[in-house]
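Before any comments, here is the structure.
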There are 2 protein chains.
Amino acid sequence: MDPQTLARFEARARIMKALAHPTRLFLVDALSGGEKSVAELTRMVGADISTVSKHLALLRTVGLVRDRKRGTRVFYSLQAPCILNFFGCLENVLRTAAEEQLRLAVSTPLAHDTQNANGDATG
Amino acid sequence: MDPQTLARFEARARIMKALAHPTRLFLVDALSGGEKSVAELTRMVGADISTVSKHLALLRTVGLVRDRKRGTRVFYSLQAPCILNFFGCLENVLRTAAEEQLRLAVSTPLAHDTQNANGDATG
DNA sequence: TGGCAAATTGGGTAAGTTGCCAAGTATGCG
DNA sequence: CGCATACTTGGCAACTTACCCAATTTGCCA
């Protein structure tokens with residue numbers, strides 16, 4: 001991987017890292033319905049406001065959200081709504097993985113415990 | 001954030017984490033052209049084969065890629081090609097962020113060094 | 001000006017991540 | 001069988017990240 005390619009993927013990874021946390025994914029999702037203040041988001045998340053503020057700052061640093069100060073409050077909004085398209089893909093991956101797990105469980109049952117553990121032997 | 005919502009975003013975050021590394025993003029990109037062996041990918045990445053193997057294992061764990069053993073070799077391929085759509089969004093975010101940086105740099109120049117550093121004082 | 005509310009920043013600790021080497025596993029071949 | 005090749009796994013040191021608490025900054029208003 002040459003330096004230029006590396007730099008490009010490092011830049012992409014920085015954005016992905018910003019999304020690689022449940023709270024931050026939740027924040028992005030919450031902002032899909034329009035801008036919200038830190039306090040409002042803090043209430044939704046249910047963590048310390050300083051924690052939420054730091055999460056938002058990280059999202060802003062990589063350019064995923066933007067902030068707008070109004071009085072003492074700061075409203076955050078989505079800067080890159082195209083992220084939302086990705087959520088469907090994530091659900092897709094999760095569903096496929098779950099199906100795969102199920103398939104494996106059925107096709108390669110454990111040596112012991114095969115008598116009636118599944119509870120579907122009659123159906 | 002109620003427990004069920006938390007669980008859903010944790011599951012999503014697990015996938016995002018798997019993508020939150022330059023090497024793993026590179027691997028996903030490399031696999032967009034079809035399945036490749038670990039040795040082949042290792043050559044492209046330029047790291048230790050054990051490192052690449054672990055990256056691939058992680059991608060497989062979350063269901064992003066799949067492996068197929070053939071003889072002594074293991075071929076990996078994309079299980080969730082929809083990820084590739086996201087790369088365009090990432091580039092979008094990067095471009096927008098860069099433009100934003102430029103805009104800020106132009107609108108709020110440093111107090112010193114404003115003589116002709118930009119080279120566009122005459123335009 | 002003093003005081004309140006909203007938000008950010010700093011700090012310390014606990015937990016997670018990464019990469020390389022070494023060792024182990026699996027397959028093919030003579 | 002013995003050996004080589006391809007890959008995976010274990011383990012450890014270096015580094016990064018997350019959270020809560022405390023302190024600070026910012027803006028509003030009496």
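All values below come from the heavy atoms of this structure, side chains included, with hydrogens, waters and symmetry mates left out. Letters go in sequence order (proteins before strands), and every chain restarts at 1.
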**OP:** Measure the distance from CZ on R70(A) to C1' on dA7(C) and round it to the nearest whole Å.
**Re:** 17 Å

Subject >> Least distance between heavy atoms, V93(B) atom then V62(A) atom >> reply: CG1-O, 3.3 Å

Contact list (N/O, under 3.5 angstrom) for nucleotides 16-20 of chain C vs protein:
unit_1: dT18(C); atom_1: OP1; unit_2: R24(B); atom_2: NH1; d: 3.4
unit_1: dT18(C); atom_1: OP1; unit_2: R24(B); atom_2: NH2; d: 3.0
unit_1: dG19(C); atom_1: OP1; unit_2: H21(B); atom_2: NE2; d: 3.2
unit_1: dG19(C); atom_1: OP2; unit_2: H55(B); atom_2: NE2; d: 2.6
unit_1: dC20(C); atom_1: OP2; unit_2: T51(B); atom_2: OG1; d: 3.1
unit_1: dC20(C); atom_1: N4; unit_2: K54(B); atom_2: NZ; d: 3.0

**OP:** Look at all strands and tell whether F75(B) reaches a base, only sugar-phosphate, or nothing, counting heavy atoms closer than 4.0 Å.
**Re:** nothing

Original post:
What is the minimum heavy-atom distance between F86(A) and I83(B), and which atoms define it?
Top reply: CE1-CA, 3.8 Å

Original post:
Looking only at heavy atoms, which two atoms of Y76(B) and D67(B) are closest? And how far apart?
Top reply: CE2-CB, 3.6 Å

Subject >> For atom CG of D67(A) and atom P of dT9(C), their distance in whole Å >> reply: 10 Å

**OP:** Using atom CZ of R43(B) as one end and atom C1' of dC7(D) as the other, report the distance to the nearest whole Å.
**Re:** 14 Å

**OP:** Ignoring backbone atoms, test whether S53(A) places a side-chain nitrogen or oxygen under 4.0 Å from the OP1 or OP2 oxygen of dT8(C).
**Re:** yes

Original post:
If you check every side-chain atom of A39(B), which of dT8(D), dC7(D), dG28(C) has the closest atom?
Top reply: dC7(D)

Original post:
Above 12 or not: heavy atoms from other molecules or residues under 6.0 Å from CZ of R60(A)?
Top reply: yes

**OP:** Give a yes or no on whether the backbone of A18(B) and the side-chain of R24(B) come within a donor-acceptor separation of less than 3.5 Å.
**Re:** yes

Subject >> Distance, rounded to the nearest Å, where K69(B) contributes NZ and dA26(C) contributes C1' >> reply: 10 Å

Original post:
What's the spacing between F26(A) CZ and M44(A) CE if we round to 0.5 Å?
Top reply: 4.5 Å

**OP:** Could you tell me the separation between the CG atom of L59(A) and the P atom of dA7(C), rounded to a whole number of Å?
**Re:** 16 Å

**OP:** Kindly point out which of dG27(D), dA7(C), dT8(D) is positioned nearest to the side chain of V38(B)?
**Re:** dT8(D)

Original post:
Counting just side-chain N and O atoms, does Y76(A) come under 4.0 Å of either OP1 or OP2 of dA6(C)?
Top reply: no

